[in-house]
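Below is one structure; the comments refer to it alone.
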Protein chains: 2
Amino acid sequence: MPDDHSDPDLAFAPHDHARCAGDAMARAETSLALGGQRLTAVRRRTLQILLESHRALGAYEVLDRLVADGYGNQPPVAYRALEFLEEQGLVHRIRRLNAFTACMHPGEVHAPAFLICRACHAVAEAPAGTLGAALQAAADTLHFTIERSTIEAVGLCPACKATAGTATRGIA
Amino acid sequence: MPDDHSDPDLAFAPHDHARCAGDAMARAETSLALGGQRLTAVRRRTLQILLESHRALGAYEVLDRLVADGYGNQPPVAYRALEFLEEQGLVHRIRRLNAFTACMHPGEVHAPAFLICRACHAVAEAPAGTLGAALQAAADTLHFTIERSTIEAVGLCPACKATAGTATRGIA
DNA sequence: GTTGACATGTTATACTGTAACGCTATATCC
DNA sequence: GGATATAGCGTTACAGTATAACATGTCAAC
Ligand SMILES: [Zn+2]
Ligand SMILES: [Zn+2]
Ligand SMILES: [Zn+2]
Ligand SMILES: [Zn+2]
């Protein structure tokens, strides 16, 4: 059995997602412990919820899930947990969708870029490649200093391209 | 007097903005005429409003301006005009700001990328350069087909870097 | 002038995000 | 253990963003 956890993003491919999510949660715990940050019950559950699929969830979807688990049922509960996780680099905000998704490469420094399938709503974190450099180069010609960047592409994932028109596929 | 209308984006530099905006409006008229689309009063005024500065305006800011000119004062009036202009490639949506800005390169095919100054709120459309290609390359490795992309960077424009901390500068 | 298509005006509502306050849990220091 | 400080959570109330649905108006083609 091949190692299906080599990097090239597997959001679009079938894979051992239980392990995928478990690994991510473990990395999150390590990373937070190192930084002296607290992974409280709400925060942990929020991250778990996002890790259940390679999709982006709206704050209110997350909130619904938290409520079902007995946590506070007001928007700030979800927003606070999500913002904390984003600050810690464990979650990314997908502005195009007004939604959040778990980071698949926590720890590594990365200007994240996302590929969003409009059919199955899977979200993959694209391999950085020369992307960051290209954006930096564009900024340089205008003498602009980049602090944060948002790169998001909408289109069709391989599975949905194959089934052209059909609905959900894969882990999304 | 040098031609200050050579491309490298001038949003961050002083320039003859009346001509800058006038040119853009003229290109818009041509482009719509070719496509058989109608530049109605609301649409024209909406584009003018966005062309007054190199900033992004929220739909409700645009609406306020339209109301002041005697147009309908409900959100759909502004959203419809903005969406029409965006479909025609004359306006871009800046998701990071929940706002809209006039396109500075209408006609040309371009996967737009924006540089947003967090100090003076100027928004420049970055020269495409290798950016589109880099994103496409990243997508290719996952066999993802890009249909639309959102590229936005937040940081400091040259003027605001110089004044480090001071407020508004330039045309923004 | 009637028809049909498109655009605008209007009502109402849905969705997304935050400010502010008070309570509770946790860590720290004595 | 008890006092103190801090961070996190629960809640109320509201602000900001966006859209569905329907009525009215405008314009060009026939
Ligand atoms: Zn997975
Ligand atoms: Zn898909
Ligand atoms: Zn200008
Ligand atoms: Zn600036």
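Below, chains carry the letters A, B, ... as their sequence lines are ordered, and counting in each starts from 1.
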Which side-chain hydrogen bond (donor to acceptor under 3.5 Å, both in side chains) pairs, counting each pair once, include a residue from residues 84-94 of chain A, with sequence neighbours left out? A:H92-A:H110, A:H92-A:E125

Suppose we screen for side-chain hydrogen bond (donor to acceptor under 3.5 Å, both in side chains). Which residues come up paired with B:R118, at least two apart in sequence or across chains? A:E147

Is there a side-chain contact between A:C103 and A:P112 (heavy atoms, below 4.5 Å)? no

Residues passing the side-chain contact (heavy atoms from CB on, under 4.5 Å) test with B:A134, sequence neighbours excluded, are A:T130, A:L131, A:A134

Kindly write out the residues that satisfy side-chain hydrogen bond (donor to acceptor under 3.5 Å, both in side chains) with B:N73, not counting sequence neighbours, or none if the list is empty. none

Please report the distance, rounded to the nearest Å, between CD in A:Q37 and P in C:dA27. 13 Å

With a 4.5 Å heavy-atom cut-off, do B:L63 and B:P75 have their side chains touching? yes

Partner residues of B:R44 under the salt bridge (charged side-chain N to carboxylate O under 4.0 Å, His left out) criterion, sequence neighbours left out: B:E29

Tabulated below should be each protein N or O lying under 3.5 Å from an N or O of nucleotides 21-26 of chain C; please produce it.
none

Taking CD from A:E87 and P from D:dA7, how many angstroms apart are they, rounded to a whole number? 13 Å

Pull out every residue in residues 66-78 of chain B that has a heavy atom closer than 4.0 Å to any atom of DNA chain D, ordered by number, or say none. B:P75, B:P76

Sorted by chain and residue number, the side-chain hydrogen bond (donor to acceptor under 3.5 Å, both in side chains) partners of A:R65 (sequence neighbours excluded) come out as A:E52

Give me the ring orientation class for A:H54 and A:H17: parallel if the planes are under 30° apart, tilted from 30 to 60°, perpendicular past 60°. perpendicular

Just the rounded figure in Å: distance from C1' of D:dT17 to CG of A:N98. 9 Å

Rounded to the Å, how far apart are B:R95 CZ and D:dG16 C1'? 16 Å

Hey, does B:E83 reach any base, or is it just sugar-phosphate, or nothing, if we go heavy atoms under 4.0 Å? sugar-phosphate

Axis-to-axis angle across the helix from C:dG1-D:dC30 to C:dC30-D:dG1, five pairs each end, nearest 10 degrees, ~ 20°

I need the CG-P distance between B:L85 and C:dA7, as an integer number of Å. 12 Å

Check the phosphate of C:dC6 against B:T40, side-chain N and O only, distance under 4.0 Å to OP1 or OP2. Yes or no? no

Grab the OH-P distance between A:Y79 and D:dG16 for me, whole Å please. 15 Å

Looking across every strand, which nucleic acid part, if any, lies under 4.0 Å from A:R93 by heavy atom: base, sugar-phosphate, or nothing? sugar-phosphate

For A:R96, give me all partners under salt bridge (charged side-chain N to carboxylate O under 4.0 Å, His left out), at least two apart in sequence or on another chain. none

Distance check needed: C:dT16 C1' versus B:R96 CZ, whole Å only. 16 Å

Please report the distance, rounded to the nearest Å, between OH in A:Y60 and C1' in D:dA18. 14 Å

Mind checking what makes salt bridge (charged side-chain N to carboxylate O under 4.0 Å, His left out) contact with B:E83, not counting sequence neighbours? none

For a quick check of understanding: with a heavy-atom distance under 4.0 Å over all strands, which category does A:F84 fall into, base, sugar-phosphate or nothing? nothing

Under the rule for ring-ring contact (aromatic ring centres under 6.0 Å, His included), what residues qualify as partners of B:F100, not counting sequence neighbours? none

